[in-house]
There are 2 protein chains.
Amino acid sequence: MPTIKDLARIAGVSIGTVSNVINNKSSVTEESRRKVEEAIRLTDYKVNLHARGMILKKSFNIGLVVPSILDPFFPKLADVIEQECEKLDMNVILSSSNYSPDREIDKIEQMLAKNVDGIILIPESDRNRSYVAGLLEKETPLVLLARRYNDLRAPYVVADNRKTAEDGINYLLGKGYDSIGFLVSPLMNTADEDRLAGIQNWKNNHSEAAVSIHYCAPLPVHDRKHSMEHQLSQGYEKGLELIRDQRLPRAVFANNDYIALGFMKACTESSIRLPDDVALLGVSRQFPKELLSTELSSFDPHSEIMGSEAVRILKELMDHPERGDESTHHIEIGMSLIEGMTT
Amino acid sequence: MPTIKDLARIAGVSIGTVSNVINNKSSVTEESRRKVEEAIRLTDYKVNLHARGMILKKSFNIGLVVPSILDPFFPKLADVIEQECEKLDMNVILSSSNYSPDREIDKIEQMLAKNVDGIILIPESDRNRSYVAGLLEKETPLVLLARRYNDLRAPYVVADNRKTAEDGINYLLGKGYDSIGFLVSPLMNTADEDRLAGIQNWKNNHSEAAVSIHYCAPLPVHDRKHSMEHQLSQGYEKGLELIRDQRLPRAVFANNDYIALGFMKACTESSIRLPDDVALLGVSRQFPKELLSTELSSFDPHSEIMGSEAVRILKELMDHPERGDESTHHIEIGMSLIEGMTT
DNA sequence: GTGAAAGCGCTAACAT
DNA sequence: ATGTTAGCGCTTTCAC
């Protein structure tokens, strides 16, 4: 591998000049620049980022820790993050905590050991709250994505889950569905919690309305890896149960699309028609409509915006560490209802 | 950030000794080791990988370039690769070519500029054949995954697609389905090509058998990003067409699960029963059965094995670059049939 | 077994 | 505008 020393020799200039050319520094003769660039082409030179990083104390890498890479929601975010980072000449080191708090810590520690310039964390739950609190004291900037920690001064980008929950209820009522059942998954993270809180808040303000809450069986803590499958089957089971007991409300609002699709499967099998017999609304649109037999009405979380905002904030923190806990770094992004065939 | 110099001062030993402790080198007194380790704990020391990498000429990162991170097949591989790399104390820099050959080259060049220790590439097609040929001459080891290039001495790990195609036909015939239609997607990569070749080879050897081949409309080259959605809808369209024209064979063997699920949707809508009216078999099992109204029979590609083999080979090439083009680095992994409810 | 010192490739400060 | 040089934090000889 050629070095700037080689370039200097070939171009017949000093290494300082070469460095100036490479970094577009002021004051280099057109002549020198040309010669150096020629040498670069000739030797297929590439900067040694170790050497550069050692001086600049940067790796031009950021770490992304997600709970699972198999749940399609997370790759969507990862995809955007990667693209945004590319624009900033940074790369993404991806790793998955597999829904294990210990692994989550391990992964973050590995990233720190790698001298990443920043970390975007999608927490698998709030079990690592105190560890994350400690992280905030360190110099490597951290942005939480998709889930936040209550009462922790950490920058975050999340969906506006409370509002989405209320919007969903209002939408269904507005459509004329006069009784609504909210199907909620085991509460694993603040996204779920916030949606439930939104529903409960709504109920408190509208005590006359027929809104019921149905809890699915919780996911065993040791097997969150199959969280997606679990929620699909819980939505299914709960659906069968409501149908069997003839307790089906006029509309079902599912806490997320996995539960909704499980519920849909139960309906299909029981010859319950959507939306004629029961309307169905999901949250956090996941699967392409081409995949589903009936396109599900659901809220789109705007993954692209969430991902790019996370990168934007992280970049800002990297450039201005002192602004670490400004409240402008708490962002909630509204979801948009996409009407399918089930409402 | 503390350095080994700090550790040396605190522990009261020399820099060399500290280095020896950190790297578990021979010959360090129990006493010295203890003192250094104490200092490490005290200061929360972390090695500076830039400095280490500069000397060792390693980054302990590998690059993974995939065509898309939204198609669930690729995250599955990425997940395994990440886990395997962790065991080897390496991290994965992920990036997506978004099915663009130019982007694919850009991404690889970026990785090289990052001094990655090796690259795992899932080619988006074979359009970059000559570029990849050039890559093989360089010192950074490269392993192709899931798709190979014909007649290129590049290490690869792929599924045994030809055999899978033949197995599928034999399985369906063995089940008593006496006419088979093979639904093939636009040929975009060697995985698709190999499956088709397997079918054609089988036909050549069994000219009497009723095996027909049906081509779906090709995906526009400029929009491979939505390849998954496209194939779902092509399977659907082709299904509707066969049903309308009453040309439905007794069994349909789809080139992949996306086409198969599209076809399934067409059947459901047309009240065609699976497998009573038509049997359906896919390849490269993608979605959890909890998601599907009817569990699809399909071949499991063993992503875990493919991913871990790719890492194993890459590691071997990193340790023994001279073995670059041994034929042991051409691996084809058999798929396993998972019987669902559609055959 | 341990310490001293060279040097990896680069940037930045300084001298010219 | 260009050249010279110190030094980033580490590993690795090579004396001792």
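Below, read A as the first sequence line, B as the second, and so on, with proteins coming before strands; counting in each chain starts at 1.
Summarising the geometry of B:Pro67 relative to B:Ser97, their closest heavy-atom pair is CA-OG, 3.3 Å, with the distance given to 0.1 Å. Residues B:Ile62 and B:Met90 share a closest heavy-atom pair of CG2-CE, 3.7 Å. B:Pro2 and B:Thr43 get closest at one heavy-atom pair: CG-O, 3.5 Å.
With respect to B:Glu104 and B:Lys107, no salt bridge is recorded, no charged nitrogen being found less than 4.0 Å from a carboxylate O. No salt bridge links A:Glu30 with A:Arg33; every basic N to acidic carboxylate O contact stays at or beyond 4.0 Å.
The separation between A:Arg52 atom CZ and D:dC10 atom P is 21 Å, rounded to whole Å. Taking atom CD1 of residue B:Ile22 and atom P of nucleotide D:dT12, one finds them 12 Å apart after rounding to whole Å. Following rounding to the nearest Å, A:Arg34 (CZ) and D:dA1 (P) show an atom-to-atom distance of 18 Å. Between the CG atom of B:Leu56 and the P atom of D:dC10 there is a distance of 13 Å, given to the nearest Å. The nearest whole Å value for the distance from the CD atom in A:Glu30 to the C1' atom in D:dA1 is 13 Å. At whole-Å resolution of the value, CD1 in A:Ile4 and C1' in C:dC10 are 5 Å apart. If you take NZ of A:Lys5 and P of D:dT2, they are 21 Å apart, rounded to a whole angstrom. Following rounding to the nearest Å, A:Met54 (CE) and D:dG9 (C1') show an atom-to-atom distance of 6 Å.
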Inset, instruction - Output, in order, the C-alpha distance, side-chain angles, deciding distance and verdict of side-chain contact (heavy atoms from CB on, under 4.5 Å) for A:Glu86 and B:Gln110. - result: CA-CA 9 Å; A:Glu86 183 180 9; B:Gln110 268 180 47; 3.0 Å; yes
Legend entry - B:Leu49/B:Arg52 under side-chain contact (heavy atoms from CB on, under 4.5 Å): CA gap, chis, key distance, verdict: CA-CA 5 Å; B:Leu49 291 172; B:Arg52 175 180 280 177; 4.3 Å; yes
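Listed pair B:Lys46 / D:dG9 fails the phosphate criterion, with no side-chain N or O lying under 4.0 Å from OP1 or OP2. Close to C:dC8, at under 4.0 Å from its OP1 or OP2, lies no side-chain N or O of A:Asn48. For D:dG9, one of the phosphate oxygens OP1 or OP2 lies less than 4.0 angstrom from a side-chain nitrogen or oxygen of A:Lys57. At the phosphate of D:dT12, OP1 or OP2 sits under 4.0 Å from a side-chain N or O atom of B:Lys25.
Which of C:dG9, D:dG9, C:dT11 sits closest to the side chain of B:Thr3 comes down to D:dG9.
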Enumerate all atom pairs, one protein N or O and one N or O from nucleotides 1-4 of chain C, separated by less than 3.5 Å.
| unit_1 | atom_1 | unit_2 | atom_2 | d |
| --- | --- | --- | --- | --- |
| C:dG1 | O3' | B:Thr29 | OG1 | 2.6 |
| C:dT2 | OP1 | B:Thr29 | OG1 | 2.2 |
| C:dT2 | OP1 | B:Ser32 | OG | 2.5 |
| C:dT2 | OP2 | B:Thr29 | N | 2.9 |
| C:dT2 | OP2 | B:Thr29 | OG1 | 3.0 |
| C:dG3 | OP2 | B:Ser14 | N | 2.5 |
| C:dG3 | OP2 | B:Ser14 | OG | 2.7 |
| C:dG3 | OP2 | B:Thr17 | OG1 | 2.8 |
| C:dG3 | O5' | B:Ser14 | OG | 3.4 |

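Nucleic acid contact for B:Lys58: none, since no nucleic acid atom lies under 4.0 Å from a heavy atom of the residue.
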